[in-house]
Amino acid sequence: MISSYPTPDGLTLGAQPLKSIKRTTIREYLDSYRNGNAKIAANRHVQFLKAAWNYVSERDDLVPPNPCLRVRLNQQSPRNRYVTDRDLLAYKNLCSSRSYM
């Protein structure tokens, strides 16, 4: 999760004051996931952070500028498999046969 990402000063990203989170911090976070298998997950984390930051900045003038703006996300390719009606029905049957309570 992005909030538990360690920063150079020993704190986590979630514990950092907002004014100390920079574009370079966000880029480093994305780069740390690029070497792993979760680079798309890192994109989603940054997109969520960007949306949350925008939400708060519209309601509070004291919030520093959004560090996620103008940061390029990790490259991703579109899905290449179409989910057929047969696949969807099999998934639906699987879900209805299990008890989640």
Side-chain angles (χ1 to χ4, degrees):
M1 193 73 179
I2 194 168
S3 63
S4 61
Y5 178 72
T7 56
D9 60 1
L11 296 174
T12 61
L13 193 59
Q16 287 287 340
L18 294 180
K19 64 183 177 186
S20 69
I21 301 174
K22 307 291 184 209
R23 287 177 52 207
T24 54
T25 310
I26 302 302
R27 180 75 257 159
E28 289 168 1
Y29 177 75
L30 287 166
D31 289 342
S32 73
Y33 270 82
R34 185 183 303 178
N35 297 329
N37 294 328
K39 62 182 182 178
I40 304 307
N43 286 351
R44 300 300 173 262
H45 296 166
V46 171
Q47 289 170 330
F48 178 80
L49 178 62
K50 179 179 178 182
W53 201 295
N54 285 339
Y55 178 86
V56 173
S57 67
E58 289 176 355
R59 289 156 178 78
D60 187 349
D61 291 333
L62 301 177
V63 177
N66 191 333
C68 301
L69 297 176
R70 298 187 336 257
V71 173
R72 283 182 294 157
L73 298 175
N74 292 326
Q75 187 175 8
Q76 58 190 58
S77 57
R79 294 181 184 194
N80 58 3
R81 181 176 181 277
Y82 178 76
V83 178
T84 65
D85 290 341
R86 183 178 178 183
D87 294 333
L88 188 57
L89 183 59
Y91 178 73
K92 184 178 174 183
N93 290 337
L94 177 69
C95 290
S96 64
S97 68
R98 297 185 181 225
S99 173
Y100 292 104
M101 295 292 187

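The shown structure was predicted, so the numbers you read here are calculated from the model rather than taken from an experiment.
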Notebook entry, point to check: Pick one: which of Leu73, Asp31, Leu49, Leu69 meets side-chain contact (heavy atoms from CB on, under 4.5 Å) with Ile26?
Noted result: Leu49
Checklist line | Heavy-atom pair of closest approach, residues Pro64 and Trp53 | finding: O-NE1, 2.8 Å
Notebook entry, point to check: Quick one: does Arg27's side chain have a donor or acceptor within less than 3.5 Å of a partner on Arg72's backbone?
Noted result: yes
Notebook entry, point to check: So do Val46 and Ile2 actually touch side chain to side chain, heavy atoms under 4.5 Å?
Noted result: yes
Next item on the list: Could you please spell out the steps behind the side-chain contact (heavy atoms from CB on, under 4.5 Å) verdict for Tyr5 and Glu28?
Entry: CA-CA 10 Å; Tyr5 178 72; Glu28 289 168 1; 3.7 Å; yes
Next item on the list: Please check if the side chain of Thr25 supplies one atom and the backbone of Ile21 the other of a donor-acceptor pair under 3.5 Å.
Entry: no
Check: Arg86 and Leu89: side-chain contact (heavy atoms from CB on, under 4.5 Å), yes or no, with the steps?
Finding: CA-CA 5 Å; Arg86 183 178 178 183; Leu89 183 59; 5.8 Å; no
Margin query: Within 45 degrees of the ring normal and closer than 6.0 Å to the centroid, is that where the cationic atom of Arg59 sits relative to Tyr55?
Written below: yes
Check: Counting only N and O atoms by type, is there a donor-acceptor contact under 3.5 Å from the side chain of Lys19 to the main-chain atoms of Gln16?
Finding: no
Margin query: As an exercise, state the distance from CD of Gln75 to CD1 of Ile40, rounded to the nearest 0.5 Å.
Written below: 9.0 Å
Next item on the list: Quick one: pull up OG in Ser57 and CG in Asn66 and give me the separation to the nearest 0.5 Å.
Entry: 6.5 Å
Notebook entry, point to check: Is the closest basic N to carboxylate O distance between Arg81 and Asp87 below 4.0 Å?
Noted result: yes
Next item on the list: Enter the distance from Phe48:CZ to Cys68:SG here, rounded to the nearest 0.5 Å.
Entry: 11.0 Å
Margin query: Can you tell me how far apart OG (Ser20) and CG (Leu13) are? Round to the nearest 0.5 Å.
Written below: 8.0 Å
Next item on the list: Nearest 0.5 Å please: distance from the CG atom of Leu30 over to the NZ atom of Lys39.
Entry: 11.5 Å
Check: In this structure, are over 12 heavy atoms from other groups packed under 6.0 Å from Asp85 atom CG?
Finding: no
